[in-house]
2 protein chains.
Amino acid sequence: MSEPPKHCVATDAAVFSVVNGTLKILLIKRKYDPFKGMFALPGGFLEDTDKSLNECVKRELYEETGVDNIFLKMLHAYGDVGRDPRGRVVTVAYLAVINSSDVELNKTKVSENAEWVDVSSVKALAFDHSTILAEALDELRHEIMDSTIVFQLLKKRFTLTEMQKSYEVILGKPLDKRNFRKWIKQHDILFATDQTKMEGVHRPARLYEFKDKRYKRF
Amino acid sequence: MSEPPKHCVATDAAVFSVVNGTLKILLIKRKYDPFKGMFALPGGFLEDTDKSLNECVKRELYEETGVDNIFLKMLHAYGDVGRDPRGRVVTVAYLAVINSSDVELNKTKVSENAEWVDVSSVKALAFDHSTILAEALDELRHEIMDSTIVFQLLKKRFTLTEMQKSYEVILGKPLDKRNFRKWIKQHDILFATDQTKMEGVHRPARLYEFKDKRYKRF
DNA sequence: TAAATTTGTTGTGATGGCTACAATATTACC
DNA sequence: GGTAATATTGTAGCCATCACAACAAATTTA
């Protein structure tokens, strides 16, 4: 029995947000080769000091973008030969959503020009990150219908219209107001505060909060 | 920028089958330390000759158990420090089901005493394989309701009663005959052959086949 | 102060899937 | 022809989904 071969292991994060009614993905512009100057998902190599893969992806995300303290859901591992020109790298992809106004990008020293990029205008990405992004978006569209992950996208208090808009942007299609409200209320994950929000020259909207701010599958 | 650290990468397979009306998991008895003599999921290290993680898990499964040519679905990656006493190992877990009568165990030279073990009687496993098994079983119970993965469990031709029994064993609960038949026919994945099967002193059952023998999500 | 404007909020009827439940059909055996 | 044993099939109630429209509440304006 010979020594087992060793490989580079990495994590990558597909972090989505909704900004001004459009779906954005958090990307970094690479400062070094390979793929220098191209956009890529934030991520990086597993270090010996990372006690888990989850810790690795959180650390890399923070270092490269300044985004911190979010729930990341593991998606899939990618390990084909040739996906990194430097040599074999097995990467584990994660999914998250976040309220972009909660974070300040590029506040760390080694951050690499993180940007929110319109998902619809994303061109070729470094490595196989286009594939990862496509699969992450697909998974996000399932997750949002099937878990409480959307709560990370919203502020602490929000109106049902704001919530519905997030769903519409992520799903890429309009939803019926009445059916959406019936559906979300059925899951019993929200409670109505006694406050309202004025957003123009019309009836104010009630503000809601999540009962439980933890990720939960329906 | 220093050289990225390298780690051992492995794959492990949770392969289930139904034998004599009980749910079995394919385990190997470890020949070497660590955990010598304990049961573990079949699997092993990613080699440079493996062109993908999928190729790795198939190779390891064949080498260690003789099971070949099955569909394996990736589940999750495990990379916590300390999950392997020899050093850090990141492992990618896979799920499969198989008709145990289709395979002959331990036909390869390096196979390690592979056995079908009752899931309900599995005690402590090596490494964190108990966790992986539990999560794989949970996923299997979702998969079977949501994909055509069950076809790998059945012979080429089977009766609806046989199929229902497989579902009952995996889900661990009885199902209603009429509802099961309505449900499975609704998915339009089976066709009735003109043959029947006598299994005793009573009306014979019609034999069915899958229309398409590929894995497909509903 | 009343009408217009704009968005928030809510109900109903049709449809389809899921669940619970029982009678009839078909074969071998006697 | 009667018995035993499993195969096969339908119906009614409930719940989720979907399409669809009227009323409520706030400001602006005439």
Side-chain angles (χ1 to χ4, degrees), chain A residues 18 20-21 141-148 150 154-155 157-209 216-218, chain B residues 18 20-21 141-148 150 154-155 157-209 216-218:
Chain A
V18 173
N20 298 329
R141 288 179 172 146
H142 284 105
E143 274 294 311
I144 201 176
M145 299 310 293
D146 215 52
S147 78
T148 57
V150 74
L154 300 164
K155 295 186 286 289
R157 296 187 164 186
F158 49 88
T159 69
L160 293 181
T161 299
E162 288 169 349
M163 188 180 201
Q164 183 179 337
K165 285 271 180 287
S166 299
Y167 274 80
E168 290 177 333
V169 169
I170 288 173
L171 297 174
K173 64 181 183 188
L175 299 174
D176 180 85
K177 263 190 189 188
R178 286 164 290 189
N179 294 336
F180 177 77
R181 282 159 192 247
K182 255 184 302 183
W183 177 77
I184 200 71
K185 282 179 180 175
Q186 197 173 16
H187 288 303
D188 193 38
I189 54 175
L190 304 181
F191 70 89
T193 70
D194 54 1
Q195 295 195 316
T196 56
K197 178 182 182 183
M198 282 293 310
E199 187 74 44
V201 186
H202 53 81
R203 177 174 176 176
R206 185 159 300 279
L207 286 164
Y208 287 80
E209 285 187 21
K216 190 175 68 178
R217 289 192 81 85
F218 294 149
Chain B
V18 173
N20 298 328
R141 288 179 171 145
H142 284 105
E143 273 292 312
I144 201 177
M145 299 308 294
D146 215 50
S147 77
T148 57
V150 74
L154 300 164
K155 296 187 286 290
R157 295 187 164 187
F158 49 88
T159 69
L160 293 181
T161 299
E162 287 168 350
M163 189 180 199
Q164 184 179 337
K165 284 271 179 288
S166 298
Y167 274 80
E168 290 177 332
V169 169
I170 289 174
L171 296 174
K173 65 179 183 188
L175 300 174
D176 181 85
K177 262 191 189 188
R178 283 165 292 189
N179 294 337
F180 177 78
R181 283 159 192 247
K182 257 184 301 184
W183 176 76
I184 200 69
K185 283 179 179 174
Q186 197 174 16
H187 288 302
D188 193 38
I189 55 175
L190 303 181
F191 70 90
T193 69
D194 54 3
Q195 295 194 316
T196 57
K197 178 182 180 182
M198 281 296 307
E199 187 75 41
V201 186
H202 54 81
R203 177 174 176 176
R206 185 159 300 279
L207 286 164
Y208 287 79
E209 285 187 21
K216 191 173 68 179
R217 287 191 82 85
F218 295 148

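Because the structure is a prediction, the values reported are computed rather than measured. Protein chains get the first letters and strands the later ones, always in sequence-line order, with residue 1 at the start of each. Values below: every heavy atom of this structure, side chains too, minus hydrogens, waters and symmetry copies.
- For B/R178 against C/dA20, a side-chain-to-base donor-acceptor contact under 3.5 Å is absent.
- Salt bridge absent: B/E143 and B/R141 never bring a charged side-chain N and a carboxylate O closer than 4.0 Å.
- Evaluation of atom-type donor-acceptor distances gives no pair under 3.5 Å for the side chain of B/K185 against the base of D/dT9.
- Side-chain atoms of B/Q186 lie closest to C/dC18 of the nucleotides C/dC18, D/dC20, C/dG8.
- Taking the centre of each ring, B/F158 and B/Y208 stay at or above the 6.0 Å mark.
- Between the OH atom of A/Y208 and the C1' atom of C/dG8 there is a distance of 10 Å, rounded to whole Å.
- Side-chain proximity of A/P204 to the nucleotides D/dA26, C/dT9, D/dT17 is greatest for D/dA26.
- Crowding of A/H142 atom NE2: a count of heavy atoms from other residues, nucleotides or ligands under 6.0 Å not exceeding 12.
- Close to C/dG17, at under 4.0 Å from its OP1 or OP2, lies no side-chain N or O of B/W183.
- Looking only at distances, a side-chain donor or acceptor of B/Q164 sits under 3.5 Å from a matching main-chain atom of B/L175.
- The interatomic distance linking A/R181 (CZ) with C/dG8 (P) rounds to 7 Å, in whole Å.
- Heavy-atom distances to DNA chain C give each of A/N179 and A/V201 a nearest nucleotide, and the one nearer the 5′ end belongs to A/V201.
- Atom CG of B/D146 is surrounded by more than 12 heavy atoms from other residues, nucleotides or ligands within 6.0 Å.
- When the P atom of C/dT9 is taken as reference, atom CE of A/M198 falls 12 Å away, rounded to whole Å.
- As rounded to whole Å, 11 Å separates atom P of C/dA28 from atom NE2 of B/H202.
- Interface remark: the A/K182 side chain does form a donor-acceptor pair with the C/dT12 base, using a distance-only criterion of under 3.5 Å.
- Checking C/dG8, C/dT27, C/dT26 against the side-chain heavy atoms of A/K177 singles out C/dG8 as nearest.
- As a whole-Å value, the separation of B/K197 NZ from D/dT8 P is 12 Å.
- Distance, A/E162 CD to C/dG8 C1': 12 Å, rounded to whole Å.
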